[in-house]
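Here the structure comes first, spelled out in structure tokens, and everything after it is commentary.
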Amino acid sequence: MYDKVKLVLRQLPVGYNWREVLERINDFSKKTDGRGGLGYWKEHPIKVYEYAVVFEGSLPKCLYRNNVRTLSLREVEYLIRSMSRTLGVPMEDAVVESLEFGHNFKMRKPPVMYMERLIPPQDFILNRWDSRTSSTIYMDKGKLRLKLYDKTDDARQKRQYPDFSLLEHLLRYEVTFDKDLLEKMFGRQLTAKDLWNKRVFWTLVAEWFGLYEEMEKLPSSYWNVDFNDFGNTKGFVYWSICALNEGQNLPYYIKRRFDDRSNPQPGDRKLHSCIKRYIKEAMKWGKAHFPTDDLMLELNAKMEAYLIGLLEQSEDGMSVEEEHRLFSAPV
């Protein structure tokens, strides 16, 4: 589930010489400026300075030349230790400055159809500003980013997979954590050797899945409505809010309208709070009166099946005893 990482090694060994490190990278030509240089390891850039060594790239692509496949923790350890041997410096001690954590799901329908049914968790902002493809959405909250996109389309554009027929309708969901967020989660800085630690890995899995669970899943279209669904006039108002929210992220839209006002009023905060509460009540009403969308049922089932398989059948899984032992000890 690890994808792109940024590793920064500042605790350099005695006798470190950046030129010697750079000379050990043989894959591509190197560039220097007198105080540092740039080379490549497995087609990914390595920046070597007097004060640090920096790697930034996709771990699965280092091994498989694509991030369609998922690495095991054993493979992650192999890659980091291989990097250390090649460079001659202990990259396993490098600080994890950022980390992408995700997985690909093979769906029945085009990924965009599922993405359209997902509303960001509370306080997240929805963005669709990727210029390469409209089949990408971002959900941002400060430095925390959730991303969903059409992985088939992405792999085809980048020509990173040999048989695209195997990738039909592949939906990718990933979360990007930066150093501060990771430190907040674990109470300390993470280093590269933590990436194959099962407790760290499963803590990230839980956070990744928890953020998906917090997304609101739209039910079957609110436009497929029967008069009896309203019940009363308040039900009609609730339905109107739900139908509007289906085509617009209403909480975010309202917040932007308040933030952009040219003549803010003293009662704005209270009014905004009341509107948010009314929207929340309406969405709760909608869930009770409209069935969950079939596409969301499918995505939920895929997500749950993947997690069960990861826990119970993969080499990175855990027994009940191992889970208790790992999570009852300090990180």
Side-chain angles (χ1 to χ4, degrees), residues 1-3 58 60 64 66-71 100-121 124 126-128 130 132-139 145-176 205-206 208-226 229 242-243 245-249 283 286-314 316-317:
M1 296 181 69
Y2 294 115
D3 191 9
S58 167
Y64 296 116
N66 65 71
N67 62 351
V68 175
R69 296 185 62 172
T70 298
L71 295 181
E100 285 182 359
F101 200 77
H103 187 68
N104 306 298
F105 296 92
K106 190 172 179 62
M107 311 305 296
R108 291 186 300 107
K109 301 289 185 180
V112 67
M113 296 179 65
Y114 302 84
M115 290 151 51
E116 289 174 345
R117 312 304 299 168
L118 296 170
I119 299 296
F124 278 73
L126 180 65
N127 291 307
R128 298 176 182 269
D130 189 340
R132 293 175 302 146
T133 172
S134 60
S135 301
T136 304
I137 61 173
Y138 300 93
M139 302 176 184
R145 162 165 286 183
L146 318 183
K147 181 179 179 182
L148 298 106
Y149 62 98
D150 186 332
K151 184 59 191 174
T152 307
D153 185 54
D154 178 76
R156 184 178 290 112
Q157 288 187 34
K158 296 177 180 177
R159 301 181 181 276
Q160 290 176 341
Y161 204 77
D163 187 356
F164 295 112
S165 64
L166 299 176
L167 306 183
E168 186 177 10
H169 302 331
L170 206 60
L171 170 65
R172 182 169 182 83
Y173 162 54
E174 66 185 30
V175 178
T176 301
V205 171
W208 174 83
F209 178 63
L211 288 165
Y212 169 77
E213 283 196 305
E214 289 180 25
M215 295 181 198
E216 183 180 337
K217 287 79 175 176
L218 291 177
S220 299
S221 178
Y222 289 109
W223 296 104
N224 298 326
V225 65
D226 184 274
D229 292 325
C242 291
N245 190 64
E246 186 172 342
Q248 172 69 261
N249 185 355
M283 301 312 297
K287 287 182 179 180
H289 287 76
F290 290 82
T292 303
D293 186 87
D294 288 345
L295 296 180
M296 292 297 93
L297 290 174
E298 180 195 357
L299 182 55
N300 289 341
K302 294 272 186 178
M303 179 74 72
E304 292 172 9
Y306 168 67
L307 292 175
I308 291 172
L310 185 65
L311 180 64
E312 298 181 354
Q313 300 170 12
S314 78
D316 300 326

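- Looking at Leu171 and Lys151, their side chains never come closer than 4.5 Å, going by heavy atoms from C-beta outward.
- Looking only at side-chain heavy atoms (C-beta outward), Met139 and Leu211 stay at 4.5 Å or farther from each other.
- Contacts of Asp316 classified as salt bridge (Lys or Arg N to Asp or Glu O under 4.0 Å), with partners at least two apart in sequence or in another chain: none.
- Judged as a side chain to side chain donor-acceptor pair (under 3.5 Å), and not counting sequence neighbours, the contacts of Ser58 are Asp3.
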Passes side-chain contact (heavy atoms from CB on, under 4.5 Å), Val205 versus Leu310? Steps please.
CA-CA 10 Å; Val205 171; Leu310 185 65; 4.2 Å; yes
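- In this structure a side-chain-to-backbone donor-acceptor pair under 3.5 Å is present from Trp208 to Tyr173.
- Donor-acceptor pairing under 3.5 Å is recorded for the side chains of Asn300 and Tyr212.
- Centroid-to-centroid, the aromatic rings of His103 and Tyr306 come within less than 6.0 Å.
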Working for side-chain contact (heavy atoms from CB on, under 4.5 Å), residues Lys217 and Tyr114
CA-CA 9 Å; Lys217 287 79 175 176; Tyr114 302 84; over 6 Å; no
Go through the steps for Leu218 and Ile119 under the test side-chain contact (heavy atoms from CB on, under 4.5 Å), then give the verdict.
CA-CA 7 Å; Leu218 291 177; Ile119 299 296; 4.0 Å; yes
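- A search for side chain to side chain contact (heavy atoms under 4.5 Å, CB included) contacts involving Lys302 returns Phe105, Met107, Glu298, not counting sequence neighbours.
- Residues Met215 and Leu148 come closest through the heavy atom pair CE-CD1, 4.0 Å.
- With hydrogens and angles disregarded, no donor-acceptor distance shorter than 3.5 Å links the side chain of Lys147 to the backbone of Arg145.
- Considering only residues two or more places apart in sequence or on other chains, Glu100 meets the salt bridge (Lys or Arg N to Asp or Glu O under 4.0 Å) condition with none of them.
- Here the side chain of Asp150 pairs no donor or acceptor atom with the backbone of Pro111 at under 3.5 angstrom.
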Applying side-chain contact (heavy atoms from CB on, under 4.5 Å), run through Arg117 and Leu299 and close with a yes or a no.
CA-CA 11 Å; Arg117 312 304 299 168; Leu299 182 55; over 6 Å; no
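- Atom CE of Met113 sits about 9.0 Å away from atom NE2 of His169, to the nearest 0.5 Å.
- Across Thr70 and Met1, no two heavy atoms sit closer than the pair CG2-N, 2.9 Å.
- Between the Tyr149 side chain and the Ile137 main chain, no donor and acceptor come within less than 3.5 Å of each other.
- In this structure the side chain of Arg108 reaches within 4.5 angstrom of the side chain of Leu295, judged on heavy atoms.
- Ile308 pairs by the side chain to side chain contact (heavy atoms under 4.5 Å, CB included) definition with Glu312, not counting sequence neighbours.
- Side-chain contact between Leu146 and Pro121 is present, with at least one heavy-atom pair separated by less than 4.5 Å.
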